[in-house]
Amino acid sequence: MAVPTDQDFHWMAQALRLAAQGLFTTSPNPRVGCVIVKDGRIIGSGAHLKAGEPHAEVYALRQAAVQAEGADVYVTLEPCSHHGRTPPCVEAVIGVKPRRVIIAMQDPNPLVAGRGVAALRALGIEVVVGVMENEARAMNPGFISRMTRGLPYVRSKVAASLDGRTALNNGKSQWITGEKARQDVQQWRAQSCAIITGIGTVLADNPSMTVRLEYAVRQPLRVVVDSRLQTPPNSKMLDPSILKDSPMLVVYAEDHPQRAGMLRQAGAELLQVADAANKVDLEALLRILAQRGINEALVEAGQGLNGALLDAGLIDEFIFYYAPKLMGDAAKAMFALPELTEMQQVTELQILDVRQIGRDIRVQAKPLKTLT
């Protein structure tokens with residue numbers, strides 16, 4: 001088995017930095033970077049930036065041109081071996097007769113899944129797999145989740161006081177956190193394919209749920225979980241100037257033809273997904289979103305929807321913003337959950353990152369049961 005060198009890690013880090021250029025734009029495709037190295041220098045580099053456009057390997061090979069023969073090709077994801085919107089990248093790589101191909105991770109897509117590696121090795125090309133694999137997986141959690149579980153990668157963003165409260169008892173919550181924390185949230189929105197909220201948040205805050213960044217080139221799908229179709233047709237989320245760039249999906253359980261007609265007339269797409277209790281079936285909703293190419297979903301909701309998702313085991317990561325404030329036990333909590341009677345029932349978390357954002361503290365964590 002081929003063993004990676006120290007230089008392999010160095011050049012793969014360069015490819016990963018290129019992959020990050022597609023953080024906000026590649027969905028439903030994965031973020032991929034590629035560098036081609038010969039005689040200790042990069043002769044070609046590229047990143048996949050948008051579905052339907054050339055993949056990272058194609059850009060890098062074009063730049064390297066005839067020099068690519070006998071070079072080392074570093075790519076963050078196994079070159080594709082199937083015909084999609086673009087031809088198979090593995091054929092382009094094989095065509096330049098590289099000396100070695102170094103791959104960070106195997107493609108989780110069943111249409112690829114090792115076939116690209118096999119095609120390269122069948123022709124005698126040395127292939128090294130697994131260089132900086134953890135970093136490569138972290139680049140594409142949503143794509144991996146959609147391909148392996150049929151679900152998007154779900155992050156729940158919660159803004160709370162230090163005593164864990166998200167709104168006053170009367171529903172008022174603007175603003176718990178400061179401006180810098182709210183701006184930080186925009187980055188998470190921008191890299192998400194969908195933003196999911198509940199009807200309680202829509203009625204209490206009347207949000208727009210859009211990305212407000214100068215360089216954002218894509219607005220995510222906005223999804224409202226609204227079992228009884230209570231979304232006001234004149235809500236900000238249905239503003240025509242917003243809808244043209246950011247579609248809105250209202251997911252419901254109970255039939256209310258008149259309300260449905262008004263929402264459709266206002267520009268919303270409606271989807272009925274009911275469970276046995278005549279509430280929105282959340283897992284079924286997420287599977288439908290995955291089928292629509294949603295890799296990453298950001299939940300910005302109140303204790304009801306957050307609690308239901310947590311109770312169903314559908315949250316993959318939490319992003320907590322804690323403000324230096326105390327709101328008291330009469331204020332609303334983060335998650336509405338059934339009463340727990342034993343400590344073994346609590347949700348245990350692994351802390352991934354803690355940092356200060358303005359005056360607030362951001363904590364990223366994952367439920368231990370979802371760690372991969």
Side-chain angles (χ1 to χ4, degrees), residues 152 154-177 181-182 185 188-189 192 194-209 222-232 235 237 250-254 273 275 277-283 285-286 297-343 345-349 351 360-370:
V154 178
R155 295 184 179 94
S156 174
K157 181 234 85 177
V158 182
S161 59
L162 277 182
D163 54 347
R165 302 293 162 166
T166 60
L168 298 177
N169 195 42
N170 61 11
K172 294 183 179 179
S173 62
Q174 296 179 331
W175 296 103
I176 293 176
T177 54
R182 298 199 298 274
V185 171
W188 296 108
R189 286 186 180 183
S192 301
I195 299 173
I196 303 174
T197 194
I199 183 58
T201 298
V202 173
L203 295 176
D205 298 338
N206 192 22
S208 60
M209 291 291 181
R222 296 165 304 142
V223 181
V224 179
V225 177
D226 180 8
S227 290
R228 294 179 303 204
L229 288 177
Q230 295 174 290
T231 301
S235 64
M237 293 185 74
V250 179
V251 188
Y252 69 101
E254 294 183 9
V273 187
D275 62 14
N278 210 24
K279 295 182 178 180
V280 170
D281 186 324
L282 296 174
E283 181 173 346
L285 165 60
L286 291 176
L298 180 66
V299 177
E300 297 193 45
Q303 63 178 5
L305 181 55
N306 267 321
L309 287 163
L310 177 58
D311 195 42
L314 295 171
I315 297 177
D316 298 300
E317 183 179 335
F318 298 96
I319 308 169
F320 298 109
Y321 291 89
Y322 288 102
K325 299 173 183 177
L326 301 174
M327 296 170 64
D329 65 353
K332 296 184 183 297
M334 296 182 180
F335 305 96
L337 292 168
E339 181 182 359
L340 306 182
T341 57
E342 301 291 340
M343 285 303 295
Q345 296 173 301
V346 304
T347 301
E348 293 193 48
L349 306 178
I351 304 298
D360 306 312
I361 301 296
R362 188 187 76 191
V363 178
Q364 288 176 249
K366 293 192 73 169
L368 284 176
K369 63 182 177 182
T370 67

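The figures here come from the full heavy-atom set of this structure, side chains too, leaving out hydrogens, waters and symmetry mates. In this text the structure is predicted, and so the values were computed from the model without any measurement.
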* To do: Specify the closest pair of heavy atoms between Asn306 and Ser156, including all atoms of both residues, with the distance to one decimal.
  => OD1-OG, 2.6 Å
* Could you tell me whether a side-chain N or O of Asp226 sits under 3.5 Å from a main-chain N or O of Ile199, the two making a donor and an acceptor? => no
* Structure fact -> Shortest non-hydrogen pair, Ala181 vs Asp360, comes out as CB-OD2, 3.3 Å
* Structure fact -> Ser192 and Leu298 have their tightest heavy-atom pair at OG-CB, 3.4 Å
* Evaluate side-chain contact (heavy atoms from CB on, under 4.5 Å) for Asp311 paired with Leu337, printing each intermediate quantity in order. => CA-CA 7 Å; Asp311 195 42; Leu337 292 168; 3.9 Å; yes
* Around atom CD of Glu254, are there more than 12 heavy atoms of other residues, nucleotides or ligands at under 6.0 Å? -> yes
* Going through the distances and angles, do Val223 and Thr197 end up as a side-chain contact (heavy atoms from CB on, under 4.5 Å)? -> CA-CA 6 Å; Val223 181; Thr197 194; over 6 Å; no
* To do: Verify, without hydrogens or angle tests, whether Asp316 (side chain) and Val154 (backbone) share a donor-acceptor contact under 3.5 angstrom.
  => yes
* **Other residues, nucleotides, ligands: >12 heavy atoms within 6.0 Å of Arg228 CZ** => no
* Asked: What side chain to side chain donor-acceptor pair (under 3.5 Å) pairs are there with at least one residue in residues 324-334, not counting sequence neighbours?
  -> none
* Shortest non-hydrogen contact between Asp275 and Val280, atoms and distance -> OD2-O, 3.9 Å
* Please collect all salt bridge (charged side-chain N to carboxylate O under 4.0 Å, His left out) contacts where either partner lies in residues 155-165, sequence neighbours excluded, each pair once. => Arg155-Glu296, Arg155-Glu317, Lys157-Glu300
* Asked: Among all residues two or more places apart in sequence or in another chain, which pass the ring-ring contact (aromatic ring centres under 6.0 Å, His included) test with Tyr252?
  -> none
* Asked: What is the minimum heavy-atom distance between Ala297 and Ile196, and which atoms define it?
  -> CB-CD1, 4.0 Å
* **Nearest heavy atoms of Met327 and Thr166, plus distance in Å** => CE-C, 4.4 Å
